[in-house]
Amino acid sequence: MNPLRAATLRSLAEHRMAARPPRKLANDEAMALLHELDVHQIELELQNEALVAAEGELQLAAAVFKHTADGLFFCDSRGLIVDVNPAFSRITGLAREAVLGKAPGSLSALGIHKGEFAQHLEHARWHGHWQGEVQGIKADGQVHTLRLSLAVVHDLTGQIQHGVGAFSDISHLSAHAAELDRMAHFDDLTGLPNRRRFVDRLNQAMARARRQGHLLAVCYLDLDGFKDINDRFGHAMGDLALLGVTRHLCTVLRAEDTLARIGGDEFVLLLDLADPDDCDAALARVMASLARPIKLGKHSLSVAASMGVTLFPGDDADADTLMRHADQAMYSAKEQGKNRVLHFDVQLARRAQMHREQQARLRLALVQGEFRVHFQPKIDLGDGRVVGVEALVRWQHPEQGLLPPLSFLANLQHTELDHLLGEWVLTQTLGQIERWCSQGLDLVASVNISPDHLLQPEFADRLAALLAAHPGVRPALLELEILESATVTDLNQAAATVSRCRELGVKVSLDDFGTGHSSLALLRYLPVDGLKIDQTFVRDLSTDRNDHALVNAVISLGAAFGCEVTAEGVETLDDAAELHCLGCRYAQGFGIARPMPVDRLDDWLDVWRAHPAWQGQPG
Ligand SMILES: Nc1nc2c(ncn2[C@@H]2O[C@H](COP(=O)(O)OP(=O)(O)OP(=O)(O)O)[C@@H](O)[C@H]2O)c(=O)[nH]1
């Protein structure tokens, strides 16, 4: 017995002795001897109790060793197996005798990859234990997955005393995990990768293509008229047709390409093209593979598809966006008649994106009150009297300053924002007319209305509501100018709306007359009150005979149709005199006044009245 244990035993025995009733002997020496004998006897009792307890523990450990479901193996200090439990043999199929004295790392049942086992063992040496999954081959040749723990026991000097391994078979769990993985990444019917898997592959391919300078074609493919196939032959046959399509598409794939099914009759293809010149030929091969007939029982079926393609890195977007772009191109292919390939137009998309951004900015400008209305006076050429103003919208841009309409109106064409801005200008103008009226100023204010806005079915109703909201305004003080150079797509609708507006008492005139394709048709169909001669004809009136003739003709047309004629872009007194001679009654232009904010108009009116040269042109 080692001295430490002997001392412990002695102190335990002394402790137990102290609890006993004291013995009395006259002789001290005899007393001491008797005490020693008692202590010794107690020590023997204690040792006996410890032995009984240890035996119980050993029996328990042996029972656990024998009956546990986990496989166990014990190694000596050299790492050789000294014992295994029955579960070891049950799981691995290896008899106890066959493995005694062997290194566990040499057993294929505990790991297919021998090097890996050595690494796990090394880890256990340093950290005391290792735990993880290993794949092994059982004695019957079956592959199984084990959850394995390795532990190393050191003695007091740090030397390895023995090693212990425990494992359980989790093959059923990993098979389940593999099945879940398959369901998450592959399409049930065709076994092709699904969208998620495709996006993973696309991301990897994009990184590779960047490194290698390759081109990637992302193709979105939707079968044409597939619903008909289902309807004619039934859903099961439809499934077979999808399998047939998959088979045919697979024939044109190379190892680096990917085909995925991402919806009912929708497939995506990823083609890796080392040489960009191969692209068209590769796409043609895809379409040709689809054209091959598919056998469905006694039927032979041919399918067609519409395909949209985008090319990376020309289309330098992320994987999801690339797929969306290819999808958009596929939709265009459908719209253009199906059974064709269309490429996504990166430039066009960028312009569309810019257009959307500018529209969003303009919408914000409207919400934030960044638009302004300026007014350009219009005079009667007979007496120089100011008879009205044209309301012209400006954008007070926070960074770029005051912007003219040409710089932003094009972005509004055919959008709801165009109608909203048009209505805003109408409201502002009506408010201003109301203020002028209250000051005793009778000015007709004209507002430009885009044909698109005019053709809104509710235009006249909205105008009536606006007029009702400004009861101080005589409707005749409001004039709508319809831009003649823009296309009026529905003349009947336009004529009906113009008539209703005039019934409300509002005037209507045609702006930029003569610049559109259908000036005469408009004049014929639309019951308007006035014509405005476009400034491009007026500008060279004195030098260009053709322009002179045209202006003359428009003035005559106006007279014939009972319309008041206004000349725009009048810059000089001579032009004003000439226009008046030709019978044009009204004029506006820089020669008279530039458009101005309303607070400058009062001053201008004072100055204008003091300007005798324009007061009365020769008639
Ligand atoms: N057999 C079968 N049909 C499916 C499956 N999934 C979706 N579909 C059907 O496939 C059709 C796809 O719809 P669409 O692409 O709009 O039909 P389409 O006739 O091809 O129309 P276009 O694409 O405009 O030519 C629908 O009728 C779906 O019911 C499937 O797994 N098996």
Side-chain angles (χ1 to χ4, degrees), residues 178-202 217-253 257-271 279-280 282-311 315 319-345 348-349 352:
E179 175 60 11
L180 285 178
D181 187 63
R182 198 194 60 73
M183 281 164 64
H185 291 102
F186 292 90
D187 167 45
D188 257 358
L189 175 67
T190 59
L192 290 175
N194 62 11
R195 175 186 285 271
R196 181 195 277 198
R197 177 89 169 172
F198 183 83
V199 170
D200 284 350
R201 297 286 292 269
L202 180 53
V218 180
C219 318
Y220 205 110
L221 196 151
D222 186 296
L223 302 183
D224 295 336
F226 185 67
K227 192 173 169 304
D228 281 351
I229 295 178
N230 272 340
D231 291 349
R232 273 171 59 204
F233 302 105
H235 203 272
M237 284 295 208
D239 282 359
L240 288 177
L242 290 171
L243 286 169
V245 167
T246 305
R247 249 190 338 269
H248 287 170
L249 285 172
C250 282
T251 59
V252 294
L253 294 186
D257 300 334
T258 302
L259 171 66
R261 179 175 177 235
I262 57 170
D265 62 348
E266 291 173 316
F267 295 82
V268 276
L269 259 165
L270 171 62
L271 305 177
C279 184
D280 288 344
L283 296 176
R285 274 198 301 277
V286 172
M287 291 303 267
S289 78
L290 284 168
R292 286 167 49 198
I294 296 168
K295 279 240 164 282
L296 287 186
K298 57 183 185 334
H299 303 284
S300 176
L301 205 79
S302 54
V303 294
S306 302
M307 187 155 80
V309 182
T310 193
L311 301 176
D315 185 2
D320 280 332
T321 312
L322 286 174
M323 286 180 70
R324 188 158 43 78
H325 287 171
D327 187 19
Q328 281 170 17
M330 186 278 291
Y331 262 97
S332 304
K334 290 266 186 209
E335 275 171 8
Q336 291 186 19
K338 304 189 178 180
N339 192 19
R340 67 195 61 214
V341 181
L342 272 198
H343 281 261
F344 177 74
D345 187 334
L348 193 72

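Note that the numbering runs from 1 along the sequence shown for the chain. Read the numbers this way: they start at 1 and go in the same order the structure lists the ligands and their atoms. Since the structure is predicted, the reported quantities are computational estimates derived from the model, not experimental observations.
Every heavy atom of Met237 sits 4.0 Å or more from the atoms of ligand 1. Heavy-atom distances between Glu335 and ligand 1 stay at or above 4.0 Å for every pair.
By the criterion of a heavy-atom distance under 4.0 Å, the backbone of Leu223, and not its side chain, is placed next to ligand 1. The part of Lys334 lying near ligand 1 is the side chain, judged by heavy-atom distances below 4.0 Å. Of the heavy atoms in Asp222, only side-chain atoms (C-beta onward) come closer than 4.0 Å to ligand 1.
Crowding of Arg196 atom CZ: a count of heavy atoms from other residues, nucleotides or ligands under 6.0 Å not exceeding 12.
The shortest contact between atom 7 (C) of ligand 1 and any protein heavy atom is with Gly264 CA, 3.2 Å. If you check which protein heavy atom lies closest to atom 32 (N) of ligand 1, you get Asp239 OD1, 2.6 Å. For atom 21 (O) of ligand 1, the nearest non-hydrogen atom of the protein is Gly225 N, 4.1 Å.
When the options Leu189, Asp231, Asn230 are ranked by their closest heavy atom to atom 3 (N) of ligand 1, first place goes to Asn230.
Between Asp257 and Arg201, none of the side-chain N atoms (NZ, or NE/NH1/NH2) sits under 4.0 Å from a carboxylate O, so this pair counts as no salt bridge. Salt-bridge annotation for Lys338 and Asp224: absent, with no side-chain N of the basic residue lying under 4.0 Å from a carboxylate O of the acidic one.
Note that the CG atom of Leu311 and the CG atom of Leu271 stand 9.5 Å from one another [nearest 0.5 Å]. We find the CE-CG distance between Met307 and Asp222 to be 12.0 Å, quoted to the nearest 0.5 Å.
For atom 12 (C) of ligand 1, the nearest protein heavy atom lies closer than 4.0 Å. Inside a 4.0 Å radius of atom 1 (N) of ligand 1 there is at least one protein heavy atom.
With a 4.5 Å cut-off on side-chain heavy atoms, His325 and Asp345 do not count as touching. Ile294 is not listed as a side-chain neighbour of His299, based on a closest heavy-atom distance of 4.5 Å or more. Counting only heavy atoms from C-beta outward, the side chains of Leu189 and Arg261 approach each other to under 4.5 Å.
Not counting sequence neighbours, Glu335 has no partner by the side chain to side chain donor-acceptor pair (under 3.5 Å) test.
Close approach of ligand 1 to Gly238 is summarised as follows: ligand atoms under 4.0 Å from at least one heavy atom of the residue are 1 (N).
Between Asp224 and ligand 1, no N or O atom pair is found at a separation short of 3.5 Å. Geometrically, ligand 1 and Phe226 share a nitrogen or oxygen pair separated by less than 3.5 Å.
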